[in-house]
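In the text below, chain A, chain B and the rest are named by the order of the sequence lines, each starting its count at 1. Computation of the quantities below employed the complete heavy-atom set of this structure, encompassing side-chain atoms and omitting hydrogens, waters and symmetry-equivalent molecules.
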There are 2 protein chains.
Amino acid sequence: MATGRTHRPATRSRGIPEATVARLPLYLRALTALSERSVPTVSSEELATAAGVNSAKLRKDFSYLGSYGTRGVGYDVEYLVYQISRELGLTQDWPVVIVGVGNLGAALANYGGFASRGFRVAALLDQDPALTGRTVAGMPVSHTDDLERIVTENGVSIGVITIPAGGAQQVCDRLVAAGVTSILNFAPTVLSVPEGVDVRKVDLSIELQILAFHEQRKAGEDATAPADLPAGPHTTPRKGPDGDVPAVMPA
Amino acid sequence: MATGRTHRPATRSRGIPEATVARLPLYLRALTALSERSVPTVSSEELATAAGVNSAKLRKDFSYLGSYGTRGVGYDVEYLVYQISRELGLTQDWPVVIVGVGNLGAALANYGGFASRGFRVAALLDQDPALTGRTVAGMPVSHTDDLERIVTENGVSIGVITIPAGGAQQVCDRLVAAGVTSILNFAPTVLSVPEGVDVRKVDLSIELQILAFHEQRKAGEDATAPADLPAGPHTTPRKGPDGDVPAVMPA
DNA sequence: ATGCCTTTGTGAACGCGTGCACAAAGATGG
DNA sequence: CCATCTTTGTGCACGCGTTCACAAAGGCAT
């Protein structure tokens, strides 16, 4: 969802499809769990089940990384953990700054899933003087004024924005200007960034709205609608059981 | 484990493609902002820019809802806000329970984006006796023991899980048994649910890992690798940078 | 009215992602 | 060493989603 316009060519990074990249962390998590249980090898079927995907898809995903399996046996867990970690860039250290130390920022700072991977919170930043100086998740909160210095000194390339929508673009601009090239945005806003900067967004409200849509549909099927509605003067009625849609015209 | 399996037919709900549904909240947000500025109409081009998408895509998305635009003019903002809200099911009230009142749960409870849409937090639940009885975001925290009662009494159909991975499946099962049919899962686990129950997941760690992948790739291109890899038996490398693909997907 | 200008709505082409189904590869036992 | 059995890796086909490009539709000025 990188915003910056840029009609993105759905780019397949380094030969590995985006969809596959998005699933690698899933496999990694499942593999890590197996590793902790000292399971030596795992079949595509087992691993797929654990990761919640189709086994054929999993095998195809792995095929993009190389042939790391043994036919008739399966995959070596430890080896695969390493390969995926390396592929994702988790074998190196990624200093991260979190801008905005509200509940969400604090939740992230406390989240164990970061440190266990290669992520290290280099700094927590907030604009509120009441927060700066205090300690959250064992780390001191710095003032946003020091953003540029902190990013530069720590070689931070990943920034997390957990402030209200209003100031997000400005903080984003400052992060980018300071050298950050990847941003995880929790603010409900479209961020525009220059070419070469990646933005991923997480919008809690949007997720709920999508659920509401499906929920409504379920309720509608069960109860209400008699399955076919009377007036549908609009575009050629498509196959689907659609219908509904009032004919009222805009002002 | 028999995870949700259910080779979901990429379900096109009610004729509206999933991908379109996922973008409707985006449009709605942009439209709401325009509405607050009392902008009467907007062209697909303007709205697309505001929402961070391609204008052709936006028009096609809207075409699934019906013909709500006026050629030569654009779309009536208020009217479109209403239509999308109705389509998403936001014109009705959705009671929601949040299970797990840690930082993340508290962040969600405080999030204004819910109330402004049709979402109402019916209850905050936590297992920790130290929390139950206390007030978070102006709401009392109830004990998880009361989950079933609260879900039933309030007719809750949407549940949010913000507890550690360990207890997620169990809470999920209880929610489903009590009547919840849509779940937003923040725990880093694959939840298995019966047919008919929707699960969407948000995994903060996964998002960062995806960013790390692209970050590593960028660094590799600039510095290390001689721009073309020796052993690259894979698909032809494409031009443009990054791609996107939400790490949030239907289970 | 008529013609021009703007913007929508959509047919069509294309590319990515998914899943099937099977041949190749390797382990294992006799 | 050979036969058999298991599981990988992948060619292929199909469907969804995206984008282009343009005809149709409506507003507006003359």
Protein-nucleotides 3-7 of chain C N/O pairs closer than 3.5 Å?
{"residue": "C:dT7", "atom": "O4'", "partner": "B:G72", "partner atom": "N", "Å": "3.0"}

_Any donor-acceptor N/O pair, A:W94 side chain to A:G89 backbone, under 3.5 Å_ = yes
*Atom CG of A:D76 to atom P of D:dT8: distance rounded to whole Å?*
13 Å
*Please state how far atom CD in A:E45 lies from atom P in C:dG19, giving the value in whole angstrom units.*
13 Å
*Output all residues satisfying salt bridge (charged side-chain N to carboxylate O under 4.0 Å, His left out) with B:R29, sequence neighbours left out; order by chain, then residue number.*
A:D203
*Check each of A:I161, A:V160, A:I158 against A:L184 using the side-chain contact (heavy atoms from CB on, under 4.5 Å) test, and report the only one that passes.*
A:V160
_If the condition is side-chain hydrogen bond (donor to acceptor under 3.5 Å, both in side chains), which residues does B:D173 pass it with, not counting sequence neighbours?_
B:Q169
*Please confirm whether any donor atom in the side chain of B:K57 sits under 3.5 Å from an acceptor in the base of D:dG17, or the reverse.*
no
*Look up atom OG1 in B:T41 and atom OH in B:Y75, then write down how far apart they are to the nearest 0.5 Å.*
12.0 Å
*Whole-Å gap separating C1' (D:dT18) and CG (B:L58)*: 13 Å
*Quick one: B:Y27 OH to C:dT8 P, roughly how many Å, whole number?*
13 Å
_Without decimals, in angstroms, what is the distance between A:R59 CZ and C:dA25 C1'?_
14 Å
_B:N54, nearest nucleotide to its side chain (from C:dT10, D:dC20, C:dG17)_ = D:dC20
*Roughly, in whole Å, what's the span from CG in B:D61 to P in D:dG17?*
10 Å
_Polar pair under 3.5 Å, donor/acceptor by atom type, side chain B:K60, base D:dT19_ = yes
*Using atom types as modelled and distance alone, determine if a side-chain donor or acceptor of A:Q170 lies under 3.5 Å from a backbone N or O of A:G167.*
no
*Please give, in whole Å, the distance from C:dC16 P to A:Y64 OH?*
10 Å
